[in-house]
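Structure, as structure tokens:
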Amino acid sequence: MRQFFRIKMFTIATGIVLFSTITIGILTLRYVAEKGSVLEISLVESNLSLVRQTLNRIELLIAQQDQTLYAYTSSATRDELLTRLQFPMGGDSRLVKQIYLLDSKEGTVLYPDAPDKNLARYFKRRLAEESKLGEMPPLSLHHLHTAIDGKYHLFTLLPFTLPEDEHSYLLLMEYQLDNLDLLFAPYVRELEPTNYVCIRDYDNNLIYGTPVQTTVKYFVEQRFPNTFYKWLFQLVPRNADAIEQEARNRRMLNIFLVVVDLLLLLSAWFLVYMSRREEIKLTRQKEEFIRNVSHELKTPLALIKMFSEILLMGRGQDERTRQEYLDVIFAETERMTHLVSNVLDFSNLEKGLQKFHFEDLPLDQVVRKHLEAFDYRMKKERVELTLDVQPGLPPIRGDRNAIALVLLNLLDNGIKYSAEKGKKIRIRIFAENSFVCLQVRDNGIGMLPEEIPRVFEKFYRSDNMTVRRVRGSGIGLSLVKYVVDSHGGTIQVESATGEGSSFTIRFPAREGAVPPSDPPTGPLTP
Ligand code: ADP
């Protein structure tokens, strides 16, 4: 039940992790995309403010020049005014083309004496047509930017009255537009190192500068607010392409980093998922192991109890039967001893307490000694055992008990996983290069190719029905593998279903030992 809830909780947690990963992914990607356009917008805005600043500076220059007009309005009489008009009143006189004095009501030009005829006609018409021009509050400055006969003019208008006659006059200052460099060059020059700049009118005619492309990104344009209001100031950054490329690169890098982050997150989640799966698998295997071990202990105990009771009650009919009962008791005790020592070794190994006492060992002698102890069971189970030992084998560095454990487990498996009749086990001990090899071969049920790599896993037991019928705990071969690894050896399995299995362990020969030159041949010394 707890396991069920744990799995459920893990599934919910997995859902949450996936959901939040996807949400974070989408939000971050959107943010990155938006940040890109924010960058573009801010670039356009900073260009716009650059243009505005430039226009303000140009208009300030004109406003300063405009102020000089006030000096004329302090004249007491028209004659004084006409005299004064012949001289500039400060500022930069190069900017001014001509100053005019107009009679606001009549629209006639009072100064200069011989004005440009076209202009004089224009002023007269405008003043007659537009009441606004005549009604401007006295001493307020206005600008008139207009094209007359296809040529642009900029006038500053200042209405005023003379104390002498209380008459309304209009002072006009015409700016010198024949040489626009005087007005614009200093400001444009400041912008030009990093921008293309020009001035155009609303009909797209170029007024000043080199024409800029209006269709490109980051193009900005702005009208002069007060003075040259029929003109547009246009600007395009010179490195627009580079800026765009950089923005694109940055966006790509950000997207790449987000994707990598997401992948890392998903891989981390995948690792957690895998380890969780592994943990669940291990828990199941442990549970099964406990079930198997309990069963393995219970069955022989029941048999031992039953047969010893019979013997104690003196119910054994004859000597042969009594001997058979004792055999059973002995065999089951053996089996239990083997299981308990396996479990103890395994638990020591799990706790890291397994310690080996290495010494120089003649492998064949250790094997022979333990085979003697196995003799009874071999006979009992009618196993035909052969032992081939190559003479002159060098010793190995090993732990006696550990090697006995290896041998017992391999033999036990060889007997367990074989047919009832005709069991044959062949043990070979031989030298191969700088190794001494122990091979245990049986003619039992064998294994499927996909089972072979798994047999050394803790608690692994084949799903094969024959195996399941045989008692086992699934720790024998994992112990064998641990011992072999600790001895610096290797273990190799060859098996085919129905034909039998062969386990070959290679222990490194003790250093300095000379391996025999004879190749391993048929049956040697039994
Ligand atoms: P146990 O024998 O207690 O199940 P082991 O670790 O010794 O545990 O073996 C693991 C599994 O490997 C066995 O359950 C069986 O499926 C398979 N196996 C081991 N030895 C042999 C063999 N000689 N023949 C066939 N299968 C074997």
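All values reported here derive from a predicted model rather than from experimental measurement. Each ligand, and each atom within it, is numbered from 1 in the order the structure gives.
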Check this for me - ligand 1, [X], N or O atoms closer than 3.5 angstrom, yes or no?
X      : value
Phe503 : no
Asn413 : yes
Gly476 : yes

Got the closest protein heavy atom to [atom], with its distance?
atom                    : result
atom 6 (O) of ligand 1  : Leu477 N, 2.8 Å
atom 3 (O) of ligand 1  : Ser473 N, 2.8 Å
atom 4 (O) of ligand 1  : Arg461 NE, 2.5 Å
atom 16 (O) of ligand 1 : Ser462 CB, 3.0 Å
atom 24 (N) of ligand 1 : Ser501 OG, 3.3 Å
atom 17 (C) of ligand 1 : Val455 CG1, 3.9 Å

At under 4.0 Å between heavy atoms, which part of [X] makes contact with ligand 1: side chain, backbone, both or neither?
X      : answer
Asp442 : side chain
Met447 : side chain
Glu451 : neither

Parallel, tilted or perpendicular: which describes the rings of Phe307 and Tyr325, with under 30° parallel and over 60° perpendicular?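 The rings of Phe307 and Tyr325 sit tilted, inter-plane angle from 30° to 60°.
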
Parallel under 30°, tilted from 30 to 60°, perpendicular over 60°: which one fits the rings of Phe456 and Phe503?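 Because their plane-to-plane angle is over 60°, the rings of Phe456 and Phe503 count as perpendicular.
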
For the side chain of Asp399 and the backbone of Asn401, is there at least one donor-acceptor N/O pair under 3.5 Å apart?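 Indeed, once roles are kept as given, a pair shorter than 3.5 Å links the two residues.
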
Verify, without hydrogens or angle tests, whether Gln390 (side chain) and Ala431 (backbone) share a donor-acceptor contact under 3.5 angstrom.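 Flag set: sc Gln390 to bb Ala431 pair under 3.5 Å.
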
Closest non-hydrogen atom pair between [X] and [Y], with its separation:
X      : Y      : value
Leu385 : Ile427 : CD1-CD1, 3.9 Å
Ala402 : Val483 : CB-CG1, 3.7 Å
Gly25  : Leu262 : CA-CD1, 3.5 Å

Compute the ring centroids of Phe228 and Phe184, then answer whether they are less than 6.0 Å apart.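 Centroid distance Phe228-Phe184: below 6.0 Å, so yes.
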
Regarding Gln365 and Arg368, do their side chains bring together a donor and an acceptor under 3.5 Å, going by distance alone?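 Side-chain D/A pair, Gln365 to Arg368: absent.
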
Check for me whether Arg454 has a heavy atom closer than 4.0 Å to any atom of ligand 1.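 It does not, in that no heavy atom of Arg454 comes within the 4.0 Å cut-off of ligand 1.
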
Looking at ligand 1, does Gly444 have a heavy atom less than 4.0 Å from it?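 Per 4.0 Å heavy-atom rule, Gly444 does not contact ligand 1.
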
Heavy-atom distance to atom 22 (C) of ligand 1: which of Tyr460, Phe456, Phe459, Tyr417 wins?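 It is Tyr417 that holds the nearest heavy atom.
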
Is atom CZ of Phe358 surrounded by more than 12 heavy atoms (other residues, nucleotides or ligands) closer than 6.0 Å?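 Correct, the count exceeds 12.
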
Residue Lys416 vicinity, atoms of ligand 1 by number, heavy atom under 4.0 Å: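 Near Lys416, the atoms of ligand 1 are 1 (P), 2 (O), 3 (O).
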
